[in-house]
**Student:** 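First, the structure itself, so that you have it in front of you.
Naming: A, B, ... by sequence-line order, numbering from 1 per chain.
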Number of protein chains: 2
Amino acid sequence: MAVARPVDPERRAARRLQIIDAGLTVFAERGYDGATTARICRQAGIGSGTFFHYFATKADLLLAILELGTEETTERAAGLEGRTDPLGVLLELVASTADDAADARVPGFVRAVAGVMHEPAVAEALAADDAAQRDVLRRWVERGQANGEVRTDLPAARIVSWLALLTDGFLERVAVDEGFTAEGERELLVATARSFLRGG
Amino acid sequence: MAVARPVDPERRAARRLQIIDAGLTVFAERGYDGATTARICRQAGIGSGTFFHYFATKADLLLAILELGTEETTERAAGLEGRTDPLGVLLELVASTADDAADARVPGFVRAVAGVMHEPAVAEALAADDAAQRDVLRRWVERGQANGEVRTDLPAARIVSWLALLTDGFLERVAVDEGFTAEGERELLVATARSFLRGG
DNA sequence: CAATTATTGGAGCAAGCACTCCACGAACGC
DNA sequence: GCGTTCGTGGAGTGCTTGCTCCAATAATTG
């Protein structure tokens, strides 16, 4: 009778994260289509039955990874409220991209995702992530403009696009360029962003 | 007896280009794996037999497109020999990226390629293209440094990487960002590159 | 016109894939 | 212990895909 064996949310979350981690690794090194579910399962050390017990679809795994990234972004943004130096905040946000890129899997994952952008679900998730990130940036850019710390000859939205250009390009370079390391170029990234924000 | 029906190189080249053009289109809008050979054939208005008569493999088509791009790069470089204003040349080269991006298929194709970088053959071809492009840029950067037009606080190779960062990021933004058009942002790209080269 | 060969379309095939299904074992309430 | 449900692995399946094969056609020479 009795309702035996209730779900253990912690155990479930842990397994989920384990699969997510494996997915991140394999997506990064093989691309989306190159990452077969079989390989992801092997990387995670599980059977395919388990995989589809946690994710209905391979695409769902990708989406879950993206969602995790978006969460981190919003958390990071929340931790910055109350600051009064918009330029400093913006540069920290830019620098955090370099820090993310220090995990070698991140750049690879980013290009893997870019390669599946034509899938509507992925495009939507990525758009949401992009919008969240842009929202944060724009708010600080506007404050900086009001402040006099940021150039006012360009609208805030356009400045945000250019910050994104810098960080996207940075990730791409780290992925491709042998001599271009996240740690080594971090400082120059910040300096370049500062120069741009001031209106060099 | 008689050797009838000799190959017509022009006809062959034309067909080849027709397929290449279709491939560029479909790769750009569907990604590499999303671009089925069937769809490429439909786009080109040919049967699959014809396709494989011209390209042994789907990957070969991708490689052919890349090779065409490399050729254009080297041709463009050759046309610049003899100039004495390194900074001007560099900015023209950067601007030509923006011009390429005006063809909406180019940014899409670039990310499609990025999504298959884990294939050794593609990685190799892309490395060759990258090396060719870098070689040209580095030569002009070095001349600019000797000239006093380009900053000397960074080694030429590193400056080249950062120029590539700008152009890569530019292509990515054009592909993703609704409000970010190649024509509209071209000028700012050149200005930003100039600022960076001078050492802002 | 005949002979010969490049060129073409499309039917079909083998392989690989995401995903389903099921049976067994473990964990819990009673 | 017993009953019940969750968690798990892996064999199997149906579909898609890159690619092959071949018969028909077009083009060119003599």
Side-chain angles (χ1 to χ4, degrees), chain A residues 1-23 26-27 29-65 112 115-116 118-122, chain B residues 1-23 26-27 29-65 112 115-116 118-122:
Chain A
M1 227 8 98
V3 183
R5 195 69 210 280
V7 289
D8 179 347
E10 281 187 36
R11 189 177 180 76
R12 234 189 124 73
R15 256 279 197 270
R16 229 182 109 87
L17 236 73
Q18 176 191 358
I19 300 175
I20 282 180
D21 191 72
V26 181
F27 281 141
E29 68 188 17
R30 306 265 178 184
Y32 180 74
D33 292 87
T36 66
T37 56
R39 211 182 285 269
I40 295 172
C41 289
R42 225 178 49 204
Q43 172 75 25
I46 60 173
S48 67
T50 307
F51 180 94
F52 288 102
H53 189 67
Y54 286 86
F55 297 94
T57 263
K58 189 172 94 164
D60 273 1
L61 172 60
L62 190 79
L63 263 43
I65 301 178
V116 234
H118 47 95
E119 302 265 353
V122 175
Chain B
M1 249 153 269
V3 181
R5 195 71 212 279
V7 290
D8 179 346
E10 281 187 36
R11 188 178 181 76
R12 234 188 124 73
R15 257 277 195 270
R16 229 181 109 89
L17 236 74
Q18 176 191 359
I19 299 175
I20 283 181
D21 190 72
V26 181
F27 282 141
E29 68 188 16
R30 306 264 178 185
Y32 180 73
D33 292 271
T36 65
T37 55
R39 211 183 285 271
I40 295 172
C41 289
R42 225 179 50 205
Q43 171 75 26
I46 59 174
S48 67
T50 307
F51 180 95
F52 288 101
H53 189 69
Y54 285 86
F55 297 95
T57 264
K58 190 172 93 164
D60 273 2
L61 173 59
L62 190 79
L63 263 43
I65 300 177
V116 235
H118 46 96
E119 303 265 354
V122 176

**Student:** Which distance, rounded to the nearest 0.5 Å, do you find between the CZ of B:F51 and the CG of B:L61?
**Tutor:** 4.5 Å
**Student:** Is the number of heavy atoms from other residues, nucleotides or ligands within 6.0 Å of CZ (A:R42) greater than 12?
**Tutor:**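 At most 12 heavy atoms, drawn from other residues, nucleotides or ligands, come within 6.0 Å of this atom.
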**Student:** When rounded to the nearest 0.5 angstrom, what distance separates CZ in A:R39 from CD in A:Q43?
**Tutor:** 10.0 Å
**Student:** Using whole Å, report how far CZ of B:R16 lies from C1' of C:dT7.
**Tutor:** 16 Å
**Student:** Which heavy atom of B:A64 sits nearest to which heavy atom of B:R16, and what is that distance?
**Tutor:**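 Closest approach of B:A64 to B:R16: CB-NH2, 3.7 Å.
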**Student:** Whole angstrom is fine here: how far is it from CD in B:E10 over to P in C:dA6?
**Tutor:**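 Whole-Å distance recorded here is 19 Å.
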**Student:** Return a single string for nucleotides 8-19 of chain C, one symbol per nucleotide in 5' to 3' order, where B is base contact, S is sugar-phosphate-only contact and - is none, cutoff 4.0 angstrom on heavy atoms.
**Tutor:** BBBB-----SBB
**Student:** OP1, OP2 of D:dT17 versus side-chain N and O of B:R39: anything below 4.0 Å?
**Tutor:** no
**Student:** Rounded to the nearest Å, what distance is computed from the CZ atom of residue A:F55 to the P atom of nucleotide C:dT20?
**Tutor:**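 Computing the A:F55:CZ to C:dT20:P distance gives 15 Å.
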**Student:** B:R12 has an atom CZ; how far is it from atom C1' of D:dA27, in whole Å?
**Tutor:**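 Rounded to the whole Å, the gap is 15 Å.
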**Student:** Closest approach of A:A22 and A:A44, non-hydrogen atoms and distance?
**Tutor:**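 That closest heavy-atom pairing would be CB-CB, 3.6 Å.
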**Student:** Can you see whether A:F27 has A:K58 sitting over its ring - NZ or CZ less than 6.0 Å from the centre and within 45° of the normal?
**Tutor:**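 That pair does not qualify as a cation-pi contact.
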